[in-house]
Number of protein chains: 2
Amino acid sequence: MTFKRMDSAGYLVNHMARLFADGLRRRIAPLGIVPGQFPALLELWEHDGQTQKELVEKLDVEQATLANTLARMERDGLIVRKEHPADARARTIHLTDKARAIRDRAYAAAQETNRAALAALSPEERQQFIELMQRTIETMRRGG
Amino acid sequence: MTFKRMDSAGYLVNHMARLFADGLRRRIAPLGIVPGQFPALLELWEHDGQTQKELVEKLDVEQATLANTLARMERDGLIVRKEHPADARARTIHLTDKARAIRDRAYAAAQETNRAALAALSPEERQQFIELMQRTIETMRRGG
DNA sequence: TATCGTTACATAGTAAGCTATGCAATGATA
DNA sequence: TATCATTGCATAGCTTACTATGTAACGATA
């Protein structure tokens, strides 16, 4: 028996993820950000001043991964961190003017990446694709 | 305007890819291999003795990525490399007994990972999901 | 046949993910 | 209130991906 890569969900998902990341990377490079920073930016654009712990609870990455991403964002001038008023272990995370200024262009870049990726699908197929992915994620998260 | 992560194809794909990789990693850990080695192993289980260049043409990764993966596989005792009979720049890549011995269990682990991920979908939905992914990959590869 | 562009592979450096672990502050409780 | 488990974050070390670049062998051609 052989194993066909091109019919394996795991193989296809991995390949898609790399293509999506590359498409987003190219489109947001002019803004001075990279794909890994996108989830944290999305969350902070909506609610500035959260702690790392609060972000970890909302984004689906491990705490250590986010800690490293935030360190790069600080290095790149996208965020600053301030003392937490009530807990000396924690710090609140705040977007800089630079990060606020690129929000609309970043949204547009992400939407254009999605649009281009799904361009060959009908509106119904796109909707079903999204739902199939959501259900698959839900299954895997439960499945442990 | 806000941007909903859970309705963004790119976000969902990234999340799925990490969940698939984690599921496969857990299932193949007893075999002494890791997910990144899987594509090269699949190809070598079918055609042993290929060069790195030949593998790069079949797997969808960059040459440098494969070079590093092959170095780890050699370190882990999965492959050995021999002089190419006609080209001193190239080397042919050969599976070890250890790598050959785990083939069937590795296939089973990958299939079980896919099965568990798609368990909530009907057979028709699974087939359509695979096709949607194949079409999306094709679109992105063309789109550049 | 000497030169020189091309090819095959390796290496450096970075990002983004993971697990494991360390440390200081918090907070519960004996 | 002194102790000690828990919490919030950082760090170390690894994998897997990328781009850019280096090196040696190949092969075409002047």
Novice: Can you check the A:Met73 CE to C:dA16 C1' distance for me, whole Å?
Specialist: 13 Å

Novice: Counting only side-chain N and O atoms of B:Gln52, is one of them less than 4.0 Å from OP1 or OP2 of C:dA10?
Specialist: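 Looking at the OP1 and OP2 atoms of C:dA10, one of them is under 4.0 Å from a side-chain N or O of B:Gln52.
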
Novice: A:Glu83 has an atom CD; how far is it from atom P of D:dG8, in whole Å?
Specialist: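 It is 18 Å, rounded to the nearest whole Å.
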
Novice: With sequence neighbours excluded, what pairs up with A:Glu131 under the side-chain contact (heavy atoms from CB on, under 4.5 Å) test?
Specialist: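 Once residues adjacent in sequence are excluded, the partners of A:Glu131 under the side-chain contact (heavy atoms from CB on, under 4.5 Å) criterion are A:Gln127, A:Gln134.
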
Novice: Without swapping roles, check the side chain of B:Asp76 against the backbone of B:Gly32 for a donor-acceptor pair under 3.5 Å.
Specialist: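 It does not hold such a pair.
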
Novice: Hey, does B:Thr69 reach any base, or is it just sugar-phosphate, or nothing, if we go heavy atoms under 4.0 Å?
Specialist: nothing

Novice: Report yes if some heavy atom in the side chain of B:Glu62 is under 4.5 Å from a heavy atom in the side chain of B:Val56; otherwise report no.
Specialist: no

Novice: Of all the nucleotides listed (D:dT16, C:dA16, C:dC9), which has the minimum atom distance to the side chain of B:Arg91?
Specialist: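 Given the options D:dT16, C:dA16, C:dC9, the side chain of B:Arg91 is closest to C:dC9.
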
Novice: I need the NE2-P distance between B:His15 and C:dG17, as an integer number of Å.
Specialist: 11 Å

Novice: Can you tell me which residue among A:Arg103, A:Arg105, A:Gln37 is in a side chain to side chain contact (heavy atoms under 4.5 Å, CB included) with A:Leu31?
Specialist: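 Per the side chain to side chain contact (heavy atoms under 4.5 Å, CB included) rule, the option paired with A:Leu31 is A:Arg105, out of A:Arg103, A:Arg105, A:Gln37.
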
Novice: Can you figure out which of C:dC18, C:dC9, D:dT15 approaches the side chain of B:Arg72 most closely?
Specialist: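 The answer is D:dT15, which lies nearest to the side chain.
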
Novice: In whole Å, I'd like the distance from the CG atom of B:Leu24 to the P atom of D:dT16.
Specialist: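 Roughly 10 Å, once rounded to whole Å.
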
Novice: Using whole Å, report how far NE2 of B:His84 lies from C1' of D:dA24.
Specialist: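 Those two atoms, NE2 and C1', are 16 Å apart.
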
Novice: I want to check one thing: is the phosphate of D:dC18, taken as OP1 and OP2, less than 4.0 Å away from some side-chain N or O of A:Arg26?
Specialist: no

Novice: Would you mind classifying the nucleic acid contact of A:Asn14 as base, sugar-phosphate or nothing, using non-hydrogen atoms under 4.0 angstrom?
Specialist: sugar-phosphate

Novice: According to the ring-ring contact (aromatic ring centres under 6.0 Å, His included) rule, which pairs have a member within residues 12-35 of chain B, sequence neighbours left out?
Specialist: none

Novice: Rounding to a whole Å, what distance do you find between A:Ile93:CD1 and D:dG8:P?
Specialist: 13 Å

Novice: From the options C:dA10, D:dT11, C:dA8, select the nucleotide whose nearest atom is closest to the side chain of B:Ala67.
Specialist: C:dA10

Novice: For this output row, return yes or no: ring centroids of B:Tyr107 and B:Trp45 closer than 6.0 angstrom.
Specialist: yes

Novice: Rounded off to whole Å, could you give me the CZ-to-P distance for the B:Phe38 and D:dA17 pair?
Specialist: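 Spelled out: CZ on B:Phe38 to P on D:dA17 is 13 Å.
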
Novice: Among D:dT15, C:dG17, D:dC18, which nucleotide has an atom closest to any side-chain atom of B:Val34?
Specialist: D:dT15

Novice: Taking atom C1' of D:dA17 as reference, at what distance in whole Å does atom CZ of A:Phe20 sit?
Specialist: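 Rounded to the whole Å, the gap is 17 Å.
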
Novice: Please step through salt bridge (Lys or Arg N to Asp or Glu O under 4.0 Å) for the pair B:Arg115 and B:Glu112, ending with a clear verdict.
Specialist: CA-CA 5 Å; B:Arg115 192 208 57 73; B:Glu112 172 57 17; 2.9 Å; yes

Novice: Name the residue closer to the 5' end of DNA chain D, choosing between A:Arg25 and B:Asp76 according to the nucleotide with the nearest heavy atom.
Specialist: B:Asp76

Novice: Taking the nucleotide of DNA chain C with the closest heavy atom to each, which residue, B:Leu70 or B:Arg18, is nearer the 5' end?
Specialist: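 Closer to the 5' end of DNA chain C: B:Leu70.
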
Novice: If you measure only the distance, is there a donor-acceptor pair under 3.5 Å linking the side chains of B:Tyr11 and A:Asp60?
Specialist: yes

Novice: Return no unless some side-chain N or O of A:Arg75 is found under 4.0 Å from OP1 or OP2 of C:dA15.
Specialist: yes

Novice: For nucleotides 19-29 of chain C, print each protein N/O atom paired with a nucleotide N/O atom at under 3.5 Å, atom names and distance only.
Specialist:
from: C:dT26; atom 1: OP1; to: A:Ala88; atom 2: N; distance (Å): 3.0

Novice: Please compare B:Asn68 and A:Asp60 by the position of their nearest nucleotide in DNA chain C and report the one closer to 5'.
Specialist: B:Asn68

